[in-house]
A.B. asks: 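Take a look at this one; I'll ask things after.
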Amino acid sequence: MQEPSRTAPFDVLRRDVSAHGTEFSEADWKALSEQWYEVTIEKRREVFANGTRHEGLLFVTHGICAAQFALPNGQMVISRFFEARDLCAVVEFTHMGLPIENSIVAVTPVEGVIIPKEFWKSEHLDGHVFGPYARRKMYKQHLFEIDILNVKTVNRTEVSYNFLRERHPTVLERVPQAMIAQFCGITPEGFSRFLRNYSGR
């Protein structure tokens, strides 16, 4: 039996733009898409690794990515997951005044569209063609990240796990348990114990 054809990344992005209330003429779309490029990232590879030309934002069209960073004690933490129609980029931040190394990693094979940083920045600030979509998309993503921050602040495994069940069910199906544990802030062993006793199924 032949597998169904996968929607091309540019087409997924265009549908998402349309779903957010922005329509382009063919000429506008052609001019915009000439500034972006489609990418395929292998499983376990960094999306924006040094030495790659991927600099900007990744609009994920297929697969799952994770934003991860290492605490000063070496513990790896996943701050969030990205799925189809999410935008992701490496955001620099510090802990106790020191920069923290962080990255976006392909948890599964990932496809998407890279939108160059300078293009996104100028459009997000005052663009009239792609800009309205960029602003709506970032606002929606900002609200989602506030929800994640609230979940993380509670610092209870059950709350984090239920958040994934409600908002990221595909993550629970496709992401290794060790990475789910990193999102929940516990060890893989602790996460296994949690699952044995979990009553929310």
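Sequential numbering from 1 along the given sequence is applied to the chain's residues.
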A.B. asks: Check whether any side-chain N or O of Arg135 sits under 3.5 Å from a backbone N or O of Gly127 as a donor-acceptor pair, and report yes or no.
C.D. replies: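 Judged by distance alone, yes, a pair lies under 3.5 Å.
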
A.B. asks: Might you point out which heavy atoms bring Leu87 and Met138 nearest each other, and give the distance in Å?
C.D. replies: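 The answer is CD1-SD, 4.2 Å.
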
A.B. asks: Please find the pair of heavy atoms, one from Cys184 and one from Phe191, that lie closest to each other, and give the distance.
C.D. replies: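 Cys184 and Phe191 have their closest heavy atoms at SG-CE1, 4.3 Å.
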
A.B. asks: Is there a side-chain contact between Val60 and Cys88 in this structure, where contact means two heavy atoms from C-beta onward sitting under 4.5 Å apart?
C.D. replies: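 Yes. Closest side-chain heavy atoms under 4.5 Å.
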
A.B. asks: Shortest non-hydrogen contact from Pro9 to Glu111?
C.D. replies: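 Scanning both residues, the minimum pair turns out to be CG-OE1, 4.0 Å.
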
A.B. asks: Is the shortest heavy-atom distance from the side chain of Gln68 to the side chain of Ser79 under 4.5 Å?
C.D. replies: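 Answer no - side chains too far apart.
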
A.B. asks: Counting C-beta onward and ignoring hydrogens, is there a side-chain heavy-atom pair between Asn150 and Val154 closer than 4.5 Å?
C.D. replies: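 In short, these two side chains do not touch, never coming nearer than 4.5 Å.
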
A.B. asks: Which pairs with one or both residues in residues 60-75 pass salt bridge (Lys or Arg N to Asp or Glu O under 4.0 Å), sequence neighbours excluded?
C.D. replies: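 Not a single pair qualifies under salt bridge (Lys or Arg N to Asp or Glu O under 4.0 Å).
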
A.B. asks: Taking all non-hydrogen atoms of both residues into account, name the closest pair between Thr7 and His62 and its distance.
C.D. replies: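 That closest heavy-atom pairing would be O-CE1, 2.9 Å.
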
A.B. asks: Are side-chain N/O atoms of Thr61 and Arg85 paired as donor and acceptor at under 3.5 Å?
C.D. replies: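 There is no such pair (donor and acceptor under 3.5 Å, judged by atom type) between the side chains of Thr61 and Arg85.
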
A.B. asks: Anything under 30° is parallel, anything over 60° is perpendicular, the rest tilted; go ahead and classify His124 against Trp120.
C.D. replies: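 Aromatic pair His124/Trp120 classed parallel.
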
A.B. asks: Checking the side chain of Asp16 only, and the main-chain atoms of Val12 only, is there a donor and an acceptor separated by less than 3.5 Å?
C.D. replies: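 Answer holds: no.
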
A.B. asks: Between Ser33 and Arg14, is a side-chain hydrogen bond (donor to acceptor under 3.5 Å, both in side chains) present by the stated rule, with each step listed?
C.D. replies: CA-CA 10 Å; Ser33 59; Arg14 187 166 187 176; over 6 Å; no

A.B. asks: Could you work out, with side-chain contact (heavy atoms from CB on, under 4.5 Å) as the rule, every residue matching Val175, not counting sequence neighbours?
C.D. replies: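 Partners of Val175 under the side-chain contact (heavy atoms from CB on, under 4.5 Å) test: Ile64, Phe81, Val107, Val171, Met179, Ile180.
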
A.B. asks: If the plane angle is over 60° it's perpendicular, under 30° parallel, otherwise tilted; pick one for Phe130 and Trp36.
C.D. replies: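 Ring orientation, 0 to 90° scale: tilted.
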
A.B. asks: I need the full list of salt bridge (Lys or Arg N to Asp or Glu O under 4.0 Å) pairs touching residues 116-133, with sequence neighbours left out, sorted by first then second residue.
C.D. replies: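 Residue pairs passing salt bridge (Lys or Arg N to Asp or Glu O under 4.0 Å), neighbours aside: Glu55-Lys117.
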
A.B. asks: Which heavy atom in Gln182 sits nearest to a heavy atom in Lys152, and how many Å separate them?
C.D. replies: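 Shortest heavy-atom contact: O-NZ, 4.5 Å.
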
A.B. asks: Under a 4.5 Å cut-off applied to non-hydrogen side-chain atoms, are Phe183 and Thr157 in contact?
C.D. replies: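 The answer is no, as the side chains (C-beta and beyond) never meet within the 4.5 Å cut-off.
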
A.B. asks: Restricting to non-hydrogen atoms, name the atom on Leu58 and the atom on Cys65 that form the minimum distance, rounded to 0.1 Å.
C.D. replies: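 For Leu58 and Cys65, the tightest heavy-atom pair comes out as CD2-SG, 4.2 Å.
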
A.B. asks: Is the backbone N or O of Val159 less than 3.5 Å from a side-chain atom of Asn162, with the two atoms forming a donor-acceptor pair by type?
C.D. replies: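 No, Asn162 side chain to Val159 backbone: no donor-acceptor pair under 3.5 Å.
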
A.B. asks: Please determine whether ring-ring contact (aromatic ring centres under 6.0 Å, His included) holds for the pair Phe144 and Phe163, giving the CA-CA distance in whole Å, both sets of side-chain angles, and the decisive distance to 0.1 Å.
C.D. replies: CA-CA 11 Å; Phe144 186 79; Phe163 176 84; 5.7 Å; yes

A.B. asks: Measuring from Tyr161:OH to Leu172:CG, what's the distance to the nearest 0.5 Å?
C.D. replies: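 Result: 5.0 Å between the selected atoms.
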
